[in-house]
Amino acid sequence: MASSVFRSPKGTRDVMAPESDRQRALVAAFADVAVAAGYGQVISPIFEDVRVFHRLGEANDVVTKEMYDFEDKDGRHLALRPELTASIVRAFVQHRPRPPWKAWYEGPQFRHEKPQAGRYRQFTQIGVEVLGPDDPHVDVEVIALAWRFYESLGLSRIRLLLNTLGDPDCRPSYLVALETYLNDHRGDLSEQSQATLATNPLRVLDSKREPDQAVIAGAPLMVDHLSDDAGAHFSAVTDGLQTLGIPYEISPRLVRGLDYYVKTTFEFAGDALESAQNALGGGGRYDDLAEQLGGPATPGIGFALGVDRILLACDAEGVFPAPPTEPQVFVVDVTGGEQAMALTDQLRQAGLRADRAWGNRSMKAQMKVADRSGAAVAVLIGEGELANGTATVRDLRGDTGQQEVSRTDLVATLQQRFAST
RNA sequence: GUGGCCGUAGCUCAGCCCGGUAGAGCCCCGCGUUGUGGGCGCGGUUGUCGCGGGUUCAAAUCCCGUCGGUCACCCCA
């Protein structure tokens, strides 16, 4: 590492096998879950008009400090997407699919942050968005989708944190009450929180700083100031989760980072993770975003899950190992390599994972490579086999020895052996 | 953006405090076994000591800066 002139940029990394196999499998598993629930994939551009992201919040670091934005050769002000919900809603507004529109996505996102465990400048998220219905059962479906997905990976140390941020009928008056309270206790707040209070009072509730805790504990809560409609919506969501048997914790101080959220918000905390970055995913309702992006007023809800963090959690819980990618058959050819060339081609056409050694090395050396490849069987071709029109099939993982098989039967025999795996 | 710790072979690390011209294990390659891996034994390859500057007769070792990693804060997936 130290000797290379170039390195991956700060906060980015190369995901290599077998970790990349695992990431691919994770995304594939999520795709299966989403498709089974009626979601269609959206592959949107990695960069967008920077204004698409301005609705995330003017007081928000993601927008103000962390965006990779640039001007292209035509003078357009673009940004690498820092999240995907805004892109998906932009696509909705642009194409006007008939609601309810259920979309899933996967892909890299970019934020110029200081890297840390589970936090990178390029990171991958998977997620869904539903545009159209404001039915609280949609909230339940979306939350359940994420929950069942975590379960299917084998994760068990996950907590669902649930909150509501109210709606336009009740949030403004609540914010006044909160701001008044915080201003009354301004002197007891940390310097940081005093600054936050000026720009986004809600986020003071999320402070982890010790001196703030006493003030926060006495602060008025959104859940106690809900309008009838917002209250009914929240109750319907919690009722639905109970019906499905999905455990949740009301977390009245849970404040999601992006400003477009209203009503239901949620986060999945990974308790197996030691690091501070233990949020494995989160989401919420954004009923005004489509209109803010120039489309028809259309309620929406969705979530995004951090792929890198989920895999860290899987490591911590010892679940979701990398899928097998080692060859099933390894061809050892000591007659010059022509046989290996032809046979691996045949085996691959037959649907088997097959590999070989290079450089016309000794049988001993090739067998060593075969063993390390993880292959289940080695197929040996030497002068004898070549003369007889046969190949020696040797078991590398058990004690069943080896046998000479006619070349005409070889591929079919191996195909049969690996038929179920 | 702020602060703590770290940066020596492909990997994990010792050496740094008390400056004297670089080590271990693993991995890799070969041989023991000129048609057979996994065990064992023997031998071998591998380093701008992150980078730049300073102090010194001499710097992996001391000092400054810088880049990268890591952890916490901030923020967030």
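So that the names make sense, note that chain A is the first sequence line, chain B the second, and so on, each numbered from 1.
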Using distance only, find each side-chain donor-acceptor pair of residues 129-136 of chain A under 3.5 Å and give its atom names and separation, not counting sequence neighbours.
unit_1   : atom_1 : unit_2   : atom_2 : d
A/Glu129 : OE1    : A/Tyr286 : OH     : 2.5
A/Glu129 : OE2    : A/Thr85  : OG1    : 2.8
A/Asp135 : OD1    : A/His137 : N      : 2.7

Donor-acceptor list for residues 302-314 of chain A side chains, cut-off 3.5 Å, not counting sequence neighbours:
unit_1   : atom_1 : unit_2   : atom_2 : d
A/Asp308 : OD1    : A/Arg13  : NH2    : 2.6
A/Asp308 : OD2    : A/Thr124 : N      : 3.2
A/Arg309 : NE     : A/Gly118 : O      : 2.6
A/Arg309 : NH1    : A/Ala279 : O      : 3.1
A/Arg309 : NH2    : A/Gly118 : O      : 3.3

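Ring centers of A/Tyr68 and A/Phe70: at least 6.0 Å apart, outside the cut-off.
Across all strands shown, B/G1 forms a Watson-Crick or G-U wobble pair with B/C73, both key distances being under 3.5 Å. B/C18 is unpaired under the Watson-Crick or G-U wobble criterion, no partner having all donor-acceptor distances under 3.5 Å. Under the Watson-Crick and G-U wobble criteria, each requiring two contacts below 3.5 Å, nucleotide B/U56 is left unpaired. B/C13 is paired with B/G23 under the criterion used here, namely a Watson-Crick or G-U wobble arrangement in which both key atom distances are under 3.5 Å. Using N1 to N3 plus N6-O4 or O6-N4 for Watson-Crick, or N1-O2 and O6-N3 for G-U wobble, each under 3.5 Å, B/G65 pairs with B/C51. B/G30 is paired with B/C42 under the Watson-Crick or G-U wobble criterion, all donor-acceptor distances under 3.5 Å.
With sequence neighbours excluded, the residues forming a side chain to side chain donor-acceptor pair (under 3.5 Å) with A/Asp271 are A/Arg159, listed by chain and number. For the ring-ring contact (aromatic ring centres under 6.0 Å, His included) test, no residue two or more places apart in sequence or in another chain qualifies with A/Phe123.
Note: A/Tyr120 OH to A/Phe110 CZ = 15.0 Å, rounded to the nearest 0.5 Å.
In this entry the distance linking CG of A/Leu161 with P of B/A77 reads 13 Å, nearest Å. Remark: P of B/G38 and CZ of A/Arg397 are 11 Å apart, rounded to the nearest angstrom. Rounded to whole Å, atom P of B/C75 lies 14 Å from atom CG of A/Leu254. If you take CZ of A/Phe266 and P of B/A77, they are 11 Å apart, rounded to a whole angstrom. In this structure, A/Leu205 atom CG and B/C75 atom P are separated by 12 Å, rounded to whole Å. The distance between atom CD of A/Glu83 and atom P of B/C76, rounded to the nearest whole Å, is 11 Å. Regarding A/Met16, its CE atom lies at a distance of 13 Å from the C1' atom of B/C11, rounded to whole Å. A/Arg159 has its CZ atom 17 Å from the P atom of B/A77, to the nearest Å.
Among pairs with a residue in residues 383-395 of chain A, those fulfilling side-chain hydrogen bond (donor to acceptor under 3.5 Å, both in side chains) read A/Glu385-A/Thr392, A/Asn388-A/Glu404, A/Thr390-A/Glu404, A/Arg394-A/Gln402, A/Asp395-A/Thr400, at least two apart in sequence or across chains. Pairs engaging residues 360-380 of chain A under the side-chain hydrogen bond (donor to acceptor under 3.5 Å, both in side chains) rule: A/Asp371-A/Arg397 [sequence neighbours left out]. Within the structure, salt bridge (charged side-chain N to carboxylate O under 4.0 Å, His left out) pairs that include any residue of residues 40-50 of chain A comprise A/Glu48-A/Arg90, A/Asp49-A/Arg51 (at least two apart or interchain). The salt bridge (charged side-chain N to carboxylate O under 4.0 Å, His left out) pairs that include a residue from residues 174-186 of chain A number zero, where partners must be two or more places apart or lie in different chains. Residue pairs meeting the salt bridge (charged side-chain N to carboxylate O under 4.0 Å, His left out) criterion with at least one partner in residues 325-342 of chain A, sequence neighbours excluded, do not occur; the list is empty.
Map A/Arg372 and A/Ala304 each onto its nearest nucleotide of RNA chain B; the residue landing nearer the 5' end is A/Arg372. With the nearest nucleotide of RNA chain B identified for both A/Met367 and A/Gly11, A/Met367 has the one nearer the 5' end.
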For nucleotides 31-35 of chain B, list the nitrogen or oxygen atoms of the protein found under 3.5 Å from its nitrogen or oxygen atoms, one pair per line.
unit_1 : atom_1 : unit_2   : atom_2 : d
B/G35  : O6     : A/Gly384 : N      : 2.9
B/G35  : O6     : A/Glu385 : OE1    : 3.2
B/G35  : N1     : A/Glu385 : OE1    : 2.6
B/G35  : N1     : A/Glu385 : OE2    : 2.9
B/G35  : N2     : A/Glu385 : OE2    : 2.5

Expected rows: protein N/O vs nucleotides 70-74 of chain B N/O, under 3.5 Å:
unit_1 : atom_1 : unit_2   : atom_2 : d
B/C71  : OP2    : A/Ala117 : N      : 2.4
B/A72  : OP1    : A/Ala276 : N      : 3.0
B/A72  : OP2    : A/Gln116 : NE2    : 3.0
B/C73  : N4     : A/Arg119 : NH2    : 3.4
B/C74  : OP1    : A/Arg209 : NH1    : 2.8
B/C74  : N3     : A/Arg119 : NH1    : 3.4
B/C74  : N4     : A/Arg119 : NH1    : 2.6
B/C74  : N4     : A/Arg119 : NH2    : 3.0

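The same atom, P, is picked in B/C17 and in B/U2; the two are 31 Å apart, to the nearest Å. On the C1' atoms, B/A60 is 13 Å away from B/G20, given to the nearest whole Å. Across B/C6 and B/U46, the matching C1' atoms stand 24 Å from one another, rounded to whole Å. Comparing the P positions of B/U55 and B/G68 gives a spacing of 27 Å, expressed to the nearest Å. If you take atom C1' in B/G53 and the same atom in B/A9, they sit 26 Å apart, rounded to whole Å. As rounded to the nearest Å, B/G38 and B/U12 have P atoms that lie 25 Å from one another. Across the C1' atoms, B/A77 and B/U66 are found 31 Å apart, a figure rounded to whole Å. Rounded to whole Å, the separation between the C1' atoms of B/C67 and B/C31 comes to 45 Å.
Shown here is A/Tyr248, whose OH atom has more than 12 heavy atoms of other residues, nucleotides or ligands within 6.0 Å.
Among the protein residues, A/Arg361 comes within range of the sugar-phosphate backbone only, with heavy atoms under 4.0 Å from sugar or phosphate atoms but none that close to a base. At the heavy-atom level, A/Ala279 lies under 4.0 Å from the strands shown only through sugar-phosphate atoms. Looking at heavy-atom distances under 4.0 Å, A/Gly401 makes no contact with the nucleic acid at all.
Remark: A/Arg7 is not in phosphate contact with B/G69, judged by side-chain N or O atoms under 4.0 Å from OP1 or OP2.
At a non-hydrogen distance threshold of 4.0 Å, A/Gly306, A/Arg309 from residues 305-323 of chain A come into contact with RNA chain B.
When every heavy atom of A/Thr413 is checked against every heavy atom of A/Asp409, the shortest pair comes out as OG1-O, 2.7 Å. Scanning all heavy atoms of the two residues, the minimum distance from A/Gly154 to A/Val319 falls at O-CG1, 3.5 Å.
Nearest nucleotide to the A/Arg394 side chain, out of B/C29, B/G38, B/A77: B/G38.
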